[in-house]
Amino acid sequence: MSEADFIARLRHIATDPAARGLADDAAVLEDLVLTHDMIVEGIHFLPDDTPQDVAWKLVAVNLSDLAAKGAAPVGVLVGYSLGDDEWDAAFVEGLDLVLRRFGVILLGGDTVRAPAGAPRSFGLTAIGRAPPGGAPTRGGVRPGDQLWVTGTIGNAGLGLAMRLGQVDANETCLAAYRRPQPQLTFGQAVVPHVHAMMDVSDGLLIDAQRMAEVSGCQLGIMLESVPLSAALLAVRPDVLDTRLAAATAGDDYQLLFAADPGAAAAIREIATGLNIMATPLGHAGVGEGIMLTHRAQRVALPASLGFTH
């Protein structure tokens, strides 16, 4: 059973409005934003990733969901599978570091002992405070909206390729893979201006498609506008294939959002004030799914838009 099929079955159970139809990054219960993500060895992190980096990623991917709702973090609950004593101790060190970095408190959780040799797996529940105007959904895009993304796209995907020895390493892309940076401050600042917002976790294109689906409109994305870092371009030249690879790579944990074009000046002012890139990618229109163009020429969708379970 695919992830989509399983979630479709769960929707018959998750009927409370707080669940948002299981079509969003998080649940919103009164003024609390709740999210839970798991990471599994061999799927979300490599067996030889350091325990400190694994702890960072576990926290960061959940805080990124809060960022997508414009929420201020309150605390986290950790689910942990015990294994090697030295590895476990290093994980706790890393957990302490990342929680201090983002000013988040540990509230509790649960531990189990996994069978010897079993892949490590961890879960984390993050709790945040919803913004005064309410947490935006993925599904609020309106035809005519401008589509934006923060930061640069593709660094983490290239960082993973570097970790696998497929391309030469550089520290910028390796850091993006090892220690993603949830855009909490920007999410809280920009939330009054957005109609819809989500984080880019599985790939820009597949996440944009999900936003389009729940919004009931089409998102047109200009591939030449997808922001790429100098570090990525130093390894892979600026060509169409590079942009498609970056837009489907995943693990970016940037924010994808839609806003009225009249909010562009305010969005740019926020981004400048926080020293964060915010790039317009295209527009929403009547239709469904996503439409790709490159320099005004239609581009066929790649066979895979991003990561799926």
Side-chain angles (χ1 to χ4, degrees), residues 25 60-61 64-70 136-142 145-158 172-173 176 180-191 193-215 217-233 238 242-261 263-272 274-285 289-294 299 302 305-307:
D25 300 275
V61 301
S64 185
D65 283 341
L66 295 186
K69 303 300 103 183
T137 69
R138 294 180 179 186
V141 185
R142 308 168 188 174
D145 276 355
Q146 195 169 24
L147 190 66
W148 297 73
V149 71
T150 61
T152 58
I153 297 298
N155 280 2
L158 187 56
T172 297
C173 294
Q181 302 293 320
Q183 300 299 315
L184 287 161
T185 305
F186 184 85
Q188 293 169 43
V190 81
V191 70
H193 303 287
V194 307
H195 293 155
M197 185 156 59
M198 66 183 295
D199 72 332
V200 178
S201 55
D202 293 332
L204 175 63
L205 297 189
I206 196 168
D207 287 327
Q209 184 184 56
R210 290 165 177 161
M211 180 178 276
E213 181 179 355
V214 294
S215 295
C217 62
Q218 184 180 77
L219 298 183
I221 296 175
M222 302 178 294
L223 284 171
E224 70 272 17
S225 297
V226 173
L228 305 180
S229 71
L232 184 147
L233 292 174
D238 183 10
T242 297
R243 293 188 177 277
L244 283 171
T248 56
D251 267 359
D252 291 303
Y253 299 103
Q254 297 295 338
L255 294 179
L256 177 69
F257 59 97
D260 188 283
I267 292 168
R268 288 192 173 95
E269 183 178 355
I270 291 168
T272 300
L274 295 174
N275 196 28
I276 291 173
M277 284 180 59
T279 304
L281 289 175
H283 291 85
I290 57 175
M291 179 182 69
L292 301 184
T293 60
H294 186 255
V299 175
L305 298 180
F307 176 77

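Nothing here was measured: the structure is a model prediction, and the numbers come from that model.
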Please round to the nearest 0.5 Å and tell me the distance separating atom CE of M222 and atom NE2 of H283.
7.0 Å
Look up atom OG1 in T248 and atom CG in L204, then write down how far apart they are to the nearest 0.5 Å.
9.5 Å
Least distance between heavy atoms, D25 atom then A68 atom
OD2-CB, 4.0 Å
For atom CD of E213, decide whether the heavy atoms of other residues, nucleotides or ligands shown that lie under 6.0 angstrom number more than 12.
no
Please say whether more than 12 non-hydrogen atoms of neighbouring residues, nucleotides or ligands are located less than 6.0 Å from CD in E224.
yes
Rounded distance (nearest 0.5 Å) linking atom CD1 of I270 with atom NE2 of H193
4.0 Å
Going by the angle between their ring planes, with limits at 30° and 60°, are F257 and W148 parallel, tilted or perpendicular?
parallel
Please find the pair of heavy atoms, one from L219 and one from A212, that lie closest to each other, and give the distance.
CG-CB, 3.8 Å
Before you tell me yes or no, could you show the steps for V190 and M197 under side chain to side chain contact (heavy atoms under 4.5 Å, CB included), namely the whole-Å CA-CA distance, both residues' side-chain angles and the distance that decides it to 0.1 Å?
CA-CA 10 Å; V190 81; M197 185 156 59; 3.9 Å; yes
Close side-chain approach of P280 and R268, heavy atoms under 4.5 Å
yes
Pairwise distance OG(S225) to NE2(H294) - rounded to 0.5 angstrom
9.0 Å
Which heavy-atom pair separates D252 from T152 by the least distance, and what is that distance?
OD1-O, 4.1 Å
Under the side chain to side chain contact (heavy atoms under 4.5 Å, CB included) criterion, do Q188 and L184 qualify, and how do the steps go?
CA-CA 6 Å; Q188 293 169 43; L184 287 161; 4.1 Å; yes
Can you check whether L147 reaches V141 side chain to side chain, under 4.5 Å on heavy atoms?
no
Check whether any side-chain N or O of T137 sits under 3.5 Å from a backbone N or O of G139 as a donor-acceptor pair, and report yes or no.
yes
Locate the shortest heavy-atom distance separating A264 from Q146; write the atom from each residue and the value.
CB-OE1, 3.8 Å
Least distance between heavy atoms, L255 atom then S64 atom
CD2-O, 4.4 Å
Should D207 and M211 be marked as a side chain to side chain contact (heavy atoms under 4.5 Å, CB included) after you check the CA-CA gap, both sets of side-chain angles, and the distance that decides it?
CA-CA 6 Å; D207 287 327; M211 180 178 276; over 6 Å; no
How long is the gap from CG on L158 to CG on L233, to the nearest 0.5 Å?
10.0 Å
Shortest non-hydrogen pair, A249 vs G157, comes out as CB-CA, 3.8 Å
Evaluate L205 against L292 for side chain to side chain contact (heavy atoms under 4.5 Å, CB included), listing each step before the verdict.
CA-CA 9 Å; L205 297 189; L292 301 184; 3.7 Å; yes
N155 pairs by side chain to side chain contact (heavy atoms under 4.5 Å, CB included) with which of L228, T172, D251?
T172
Quickly, which of L223, I153, V226 forms a side chain to side chain contact (heavy atoms under 4.5 Å, CB included) with L281? Name it, please.
V226
Using 0.5 Å steps for rounding, measure from the OG atom of S229 to the CE atom of M277.
9.0 Å
